[in-house]
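Everything below concerns the one structure shown next.
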Number of protein chains: 2
Amino acid sequence: MDRIDRSILRELQEDGRLTNLDLAQRIGLSASACMRRVRHLEESGVIQGYRAVIDPEAVGRGFEVLVSIEVRRDRETVEAFEAALQDIPDVIEAYRLFGSPGCLLRIAVADLAAYERLWIERLTSLTGVTEVNSQIIMKRVKEPRGLPVER
Amino acid sequence: MDRIDRSILRELQEDGRLTNLDLAQRIGLSASACMRRVRHLEESGVIQGYRAVIDPEAVGRGFEVLVSIEVRRDRETVEAFEAALQDIPDVIEAYRLFGSPGCLLRIAVADLAAYERLWIERLTSLTGVTEVNSQIIMKRVKEPRGLPVER
DNA sequence: TCTGAAAAGGCACATCC
DNA sequence: GGATGTGCCTTTTCAGA
């Protein structure tokens, strides 16, 4: 993991479909050397995959909500709760936190009505949940552009 | 935007480097028809780009913090504050919310020491900020796998 | 205007140095 | 780390539904 590897990561975060040839050119390496490095980064798990980034509005997911959830803090409850989250596709991200709230979700749905349905049907009925606090997102201030990679 | 387009989006979210041929095969379309659709999705902005997903640990960003920030709520302060966020690379995501807190950040740094430095040097000194509340992430419960796309 | 088929150039990948 | 060659893929153009 040297400066060149980090350049590769920076470029592929910007454009995951760069051809190996273009990539090699940008970082000043021969195509074969470049490909060897990329392959190694992929196989070692540093590059976990490639994804298309799609417009939430276009697929009916333009309404986002942050949900703070308090769960009873014993191992079984927490594990069951976190497993249940995996089965709710509208939950885009989920974090377990120190302190309070114990958990934060980012949810993406079509509109307020869809969120109301989700809230009443699936969120409040999760076992062990003692508190649910929903905050509607007014604006995404900073788009996820991947992680900054030092030079 | 029909069922086939949504299939394309689903596949490209899973694997953004799928070759056009593979993609066409998976969704049951000829290569040229498939490519035309992909191109159209790209040009219309439905597909905003492609990114490599990289392991935060591997680039020294394994320590994540959620930061609730309260800012004075007048237009100038909010705009200056949000502009300032763009210049802090450690801020990975930022949302402006209804209610309280007015803003939530997700921050990725190397470790607690790095976060302390960021907190004292850059966060608390932002103009208009009246409250900063940091919550360390214990665990990422649900990995961002992109948006769910209906069939 | 949608799709499918064929041709040409470019690229990935493996194997060499 | 760099160079070369083969085979496959992307991409364009053209014909049909």
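Since the model is a prediction, treat every value here as computed from it, not as a measurement. The figures that follow rest on heavy atoms only: side chains count, while hydrogens, waters and symmetry mates do not. Reminder, nothing fancy here: chain letters follow the sequence lines and each chain counts from 1.
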Exercise. Do A:Cys34 and A:Ile27 touch side chain to side chain, with heavy atoms closer than 4.5 Å?
Worked result: yes
Problem set entry | Atom pair distance, as rounded to whole Å: CG in B:Leu23 and C1' in D:dT10 | 13 Å
Seminar exercise, completed: The answer to which of A:Ser30 and A:Arg17 contacts DNA chain D further toward the 5' end, by nearest nucleotide, is A:Ser30
For this session: Measure from the side-chain heavy atoms of B:Leu29 and tell me the nearest of C:dA14, C:dG4, D:dG1.
Result: C:dG4
Seminar exercise, completed: Paired with B:Glu93, the side-chain contact (heavy atoms from CB on, under 4.5 Å) test is passed by just one of A:Glu93, A:Lys142, A:Glu143, namely A:Glu93
Seminar exercise, completed: Of A:Asp22 and B:Cys34, the one whose closest nucleotide on DNA chain C sits nearer the 5' end is B:Cys34
Exercise. Is any side-chain heavy atom of B:Tyr50 less than 4.5 Å from a side-chain heavy atom of B:Leu12?
Worked result: yes
Problem set entry | Atom pair distance, as rounded to whole Å: CZ in A:Arg3 and P in D:dG1 | 14 Å
Exercise. Quick one: B:Met35 CE to C:dA6 P, roughly how many Å, whole number?
Worked result: 17 Å
Problem set entry | Which nucleotide in D:dC9, D:dA3, C:dG4 has an atom nearest any side-chain atom of B:Thr19 | D:dC9
Problem set entry | Basic-acidic side-chain contact under 4.0 Å: A:Asp90, A:Arg61 | yes
Exercise. Rounded to whole angstroms, how far apart are CZ on A:Arg36 and C1' on D:dA3?
Worked result: 11 Å
Problem set entry | Contact check, side chains of A:Ser32 and A:Asn20, non-hydrogen atoms, under 4.5 Å | no
For this session: May I have the distance from A:Leu21 (atom CG) to D:dG5 (atom C1'), rounded to whole angstrom?
Result: 15 Å
For this session: Starting from P on D:dC9, measure out to CG on A:Asn20 and report it in whole angstrom.
Result: 17 Å
For this session: Give the rounded distance in Å between these two atoms: CG of A:Leu18 and C1' of C:dC11.
Result: 13 Å
Exercise. Heavy atoms under 4.0 Å, any strand shown: does A:Arg37 hit a base, just sugar-phosphate, or nothing?
Worked result: sugar-phosphate
For this session: Record whether the side chain of B:Ser32 comes under 3.5 Å of the base of C:dG4 through a donor-acceptor pair of N or O atoms.
Result: yes
Problem set entry | Whole-Å gap separating P (C:dG10) and CD (A:Gln25) | 14 Å
